[in-house]
Structure formats: structure tokens, C-alpha cells
J.: 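Please see the structure below; I have some questions.
Treat the numbers as computed from the prediction; the structure is a model and nothing was measured.
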Amino acid sequence: MKNNLTVIILTKNEEKTIRQVIQNAQKCADNVLIVDSGSTDKTVEFAESCGAKVVYRAWDNDFAAQRNFALQHVTTPWVLYMDADEFLDAQLISNIENVLTKNEEKQYSMLRRIHAFGFEYKHGIFKPDEVIRMFRTDSVHWEGKVHERPVCDMPKEGLKGYIEHYTYENWQDWWEKAGHYTSIWAEDAYKRNKKSSVGSAFFHAAYGFFRAYIVEVGFIDGWSGLYSSMLHFIYTVMKYLKLNELYRKNGKAN
């Protein structure tokens, strides 16, 4: 049944991991589709050498648009979305194979386990989270420029096993991605007339830290839990201050 599934992976300059990610995806799918947004390294070359199909869409700060574009190039009844730094564990691969055999009218969620800065997180903002990734191809579309979300009317079922997400090799990696994602968020929020002030930015950030470190017991992870909670504070304050800056730059009351 592996020929009934296409795994979709969005890429830009992912040569470090793309071969391993594709080889992992091929354990449950014959078809791997890469949507590349202009890699300047060997991502495309490596992907094609592994048997993946590569299509191009120019990056326009819209993750949902990239994911929706991919659907135009899928010919299988099922689709599974992965990132270029994610791997399926053996239990999850086995359960995906069972889904393909049953072929039911459902969408499927999975637990994603975060590995960052040399830590495996179990609590706090980086604790394992549920992500919905597997759909009948004609039943899903995506919304949201950043932290995009799938829209699907099918009943949801959770699959056992984990997506192992190896994100943020170092602090510089986090800083660059955080700067990019918060800018996209602020621009999108500005277009939606979402309001922000300096005071509200710090309030949201302080609440986010409290929720990550205390409510979601990030402190149990020791120093790594403190790191992640502090990063969440910085990320949150950045996005709201950037939104406030857009209002001030354009001379609009806020």
C-alpha cells in the first residue's frame, strides 16, 4: 500500500538532513514530493538522487501556500506532511502502514517529540505536542502564513509512535528562525488589524514564560526547561513589538 501515500516535505537549503529524511519517509511511502523554495546548496540534487520528485515555488512568506501548492502535484489518495528535520519512528511507520491498509475516511494526528540545543524535551513549551499530518489528499487545505494549520472535516484519530523533530542546532539557528517567523507573524497580524502595545507585548511574553515554566512544568527539565521558557518569552515579546512597530511606522493609532 506504500504506493497510495505521498510524503510532502518543504525545503530550502536542507542538504544536511534531506537524504536521511527522505530515506526515512520511504519506509512507509513510495512517493516523496519536495517543494523547494530556492535552495542554493545541494538540497535538490540530493533529493533527486534519493528518488524524490522536486517542484519549485518561490518563497512568499506563506507556509500554508507552500503546503497547498504541493497538493497540485499529488496523485495518490493519501498525503503525509513532514518537515525537513523530522523522522518517523518504527512504531509510527507501522501504524501509518495500517492506516493505508484500512483506507478509512479519517485524518490522523501524531505526537512530535522535540530535540533542540542537544536536549530532548519532555515538558514546557517544547514538550511533545500533537500535530495533524496525514489526510486523504482531496480532504485538506491549509491556512495561516506561519504556524499554519490544516483544515479538514474528516474525523480525527491519533496514531501511536513519534515524529522525532531535530530542530535548532544552536542559539544562532534559533535566533535566525525566530527573527524570520516573528516578522511574518507581525505582518500578517497587522493586515488583520490585530492591536499591540509595548505593555501588551511584555504582558503576553510574561504570561507565556509563566505558562511554559510553571503551568507546563518546564522546570522539571532543569536548565533546558529554563532555556526554552526564556526563549518563548523572547519570541513572544519580539512578535508583539514588531507588530507595534508596524503601527508606529505607518502612523496608525494603536
Side-chain angles (χ1 to χ4, degrees), residues 1-101 103 107-110 112-115 131-142 146 148-150 152 159 161-169 173 177 180:
M1 302 300 289
K2 290 169 62 177
N3 62 341
N4 285 337
L5 175 65
T6 296
V7 174
I8 294 174
I9 306 169
L10 308 185
T11 62
K12 184 172 183 181
N13 295 334
E14 308 288 354
E15 67 178 10
K16 289 183 179 180
T17 59
I18 192 60
R19 283 179 292 194
Q20 296 92 329
V21 169
I22 291 172
Q23 290 163 1
N24 174 255
Q26 287 170 334
K27 293 179 180 179
C28 62
D30 286 340
N31 306 283
V32 178
L33 175 65
I34 303 297
V35 180
D36 191 74
S37 56
S39 292
T40 56
D41 63 3
K42 294 184 179 180
T43 297
V44 172
E45 176 186 339
F46 289 168
E48 290 177 337
S49 71
C50 290
K53 177 182 178 181
V54 180
V55 296
Y56 170 78
R57 184 181 186 276
W59 177 242
D60 59 358
N61 291 334
D62 192 331
F63 283 99
Q66 295 292 104
R67 295 188 185 277
N68 288 329
F69 171 79
L71 293 170
Q72 303 173 29
H73 300 274
V74 175
T75 58
T76 57
W78 287 93
V79 62
L80 169 66
Y81 286 88
M82 291 179 61
D83 290 343
D85 53 6
E86 293 180 340
F87 299 83
L88 309 169
D89 73 5
Q91 184 180 22
L92 186 52
I93 289 170
S94 177
N95 283 317
I96 289 171
E97 292 171 345
N98 290 337
V99 166
L100 295 174
T101 300
N103 197 34
Q107 58 178 318
Y108 294 91
S109 67
M110 304 147 192
R112 178 176 57 180
R113 191 154 46 194
I114 306 296
H115 304 259
V131 290
I132 309 174
R133 293 290 188 81
M134 188 171 179
F135 313 88
R136 296 197 67 85
T137 303
D138 59 0
S139 72
V140 63
H141 72 275
W142 293 76
V146 65
E148 67 279 14
R149 59 197 176 278
C152 177
L159 298 181
Y162 286 94
I163 296 174
E164 304 290 356
H165 187 196
Y166 290 86
T167 185
Y168 308 135
E169 290 186 15
D173 185 28
K177 290 180 180 179
H180 183 56

J.: In chain order, what residues pass the salt bridge (charged side-chain N to carboxylate O under 4.0 Å, His left out) check against K16, with sequence neighbours excluded?
T.: E169

J.: Under the 3.5 angstrom rule, does the side chain of T17 hit a backbone N or O of A84 as a donor-acceptor pair?
T.: yes

J.: Measure from NZ or CZ of R149 to the centre of the six-membered ring of W142, then state whether that distance is under 6.0 Å and the direction lies within 45° of the axis.
T.: no

J.: Tell me, please, which residues at least two apart from N4 pass side chain to side chain donor-acceptor pair (under 3.5 Å).
T.: none

J.: Would you please name every residue forming a salt bridge (charged side-chain N to carboxylate O under 4.0 Å, His left out) with D173, sequence neighbours left out?
T.: K177

J.: Tell me the closest heavy-atom pair linking E14 and D41, and the distance in Å.
T.: N-OD2, 3.4 Å

J.: Any side-chain heavy-atom pair from I163 and R113 closer than 4.5 angstrom?
T.: no

J.: Using a 4.5 Å cut-off on heavy atoms from C-beta on, say whether the side chain of N13 contacts that of T40.
T.: yes

J.: Looking at K12 and S39, what are the two nearest heavy atoms and their distance?
T.: CA-OG, 3.2 Å

J.: Show the nearest heavy-atom pair for residues T43 and E15, with the distance to one decimal.
T.: OG1-N, 3.2 Å

J.: Residues two or more places apart in sequence or in another chain: which of them pass side chain to side chain donor-acceptor pair (under 3.5 Å) with T76?
T.: T6

J.: Identify the heavy atoms of I18 and F46 that sit nearest to each other, and give their distance.
T.: CG2-CB, 3.8 Å

J.: Passes side chain to side chain contact (heavy atoms under 4.5 Å, CB included), I8 versus L80? Steps please.
T.: CA-CA 6 Å; I8 294 174; L80 169 66; over 6 Å; no

J.: Distance check, rounded to the nearest 0.5 Å: M110 atom CE versus Q91 atom CD?
T.: 12.0 Å

J.: Only pairs under 3.5 Å count here: list side-chain donor-acceptor contacts from residues 25-34, not counting sequence neighbours, and write none if there are none.
T.:
from: Q26; atom 1: NE2; to: C50; atom 2: O; distance (Å): 2.8
from: D30; atom 1: OD2; to: N3; atom 2: N; distance (Å): 3.3
from: N31; atom 1: ND2; to: L5; atom 2: O; distance (Å): 3.3

J.: R67: which residues meet the salt bridge (charged side-chain N to carboxylate O under 4.0 Å, His left out) condition with it, sequence neighbours left out?
T.: D83, E148

J.: Enter the distance from I114:CD1 to Y166:OH here, rounded to the nearest 0.5 Å.
T.: 11.0 Å

J.: Given F135 and W78, is the side chain to side chain contact (heavy atoms under 4.5 Å, CB included) satisfied, shown in steps?
T.: CA-CA 6 Å; F135 313 88; W78 287 93; 5.6 Å; no

J.: Identify which one of I93, V99, N98 satisfies the side-chain contact (heavy atoms from CB on, under 4.5 Å) criterion when paired with N95.
T.: N98

J.: Provide the closest heavy-atom pair for L92 versus D89 in the form atom of the first, atom of the second, distance.
T.: N-OD1, 2.8 Å

J.: Using 0.5 Å steps for rounding, measure from the OG atom of S37 to the CG atom of L10.
T.: 8.0 Å

J.: Run the numbers on D85 and V21 for side chain to side chain contact (heavy atoms under 4.5 Å, CB included), then give the verdict.
T.: CA-CA 7 Å; D85 53 6; V21 169; 5.9 Å; no

J.: Looking only at non-hydrogen atoms, find the nearest pair between F69 and Y56 and report the distance.
T.: CZ-O, 3.6 Å

J.: Between the side chain of Q107 and the main-chain N/O of R136, is any donor-acceptor distance below 3.5 Å?
T.: no

J.: Rounded to the nearest 0.5 Å, what separation is found between the CE atom of M134 and the CG atom of L159?
T.: 7.5 Å

J.: Output the distance between atom CG (D62) and atom CG (N68), rounded to the nearest 0.5 Å.
T.: 8.0 Å

J.: Can we say E86 and R133 salt-bridge, meaning some charged N sits less than 4.0 Å from an Asp/Glu carboxylate O?
T.: yes

J.: Are R112 and Y162 close enough, and set up right, to give a side chain to side chain contact (heavy atoms under 4.5 Å, CB included), and what steps lead you there?
T.: CA-CA 5 Å; R112 178 176 57 180; Y162 286 94; over 6 Å; no

J.: Tell me, do E97 and M1 make a side-chain contact under 4.5 Å, heavy atoms counted?
T.: no

J.: Does some side-chain heavy atom of N61 sit less than 4.5 Å from a side-chain heavy atom of H180?
T.: yes

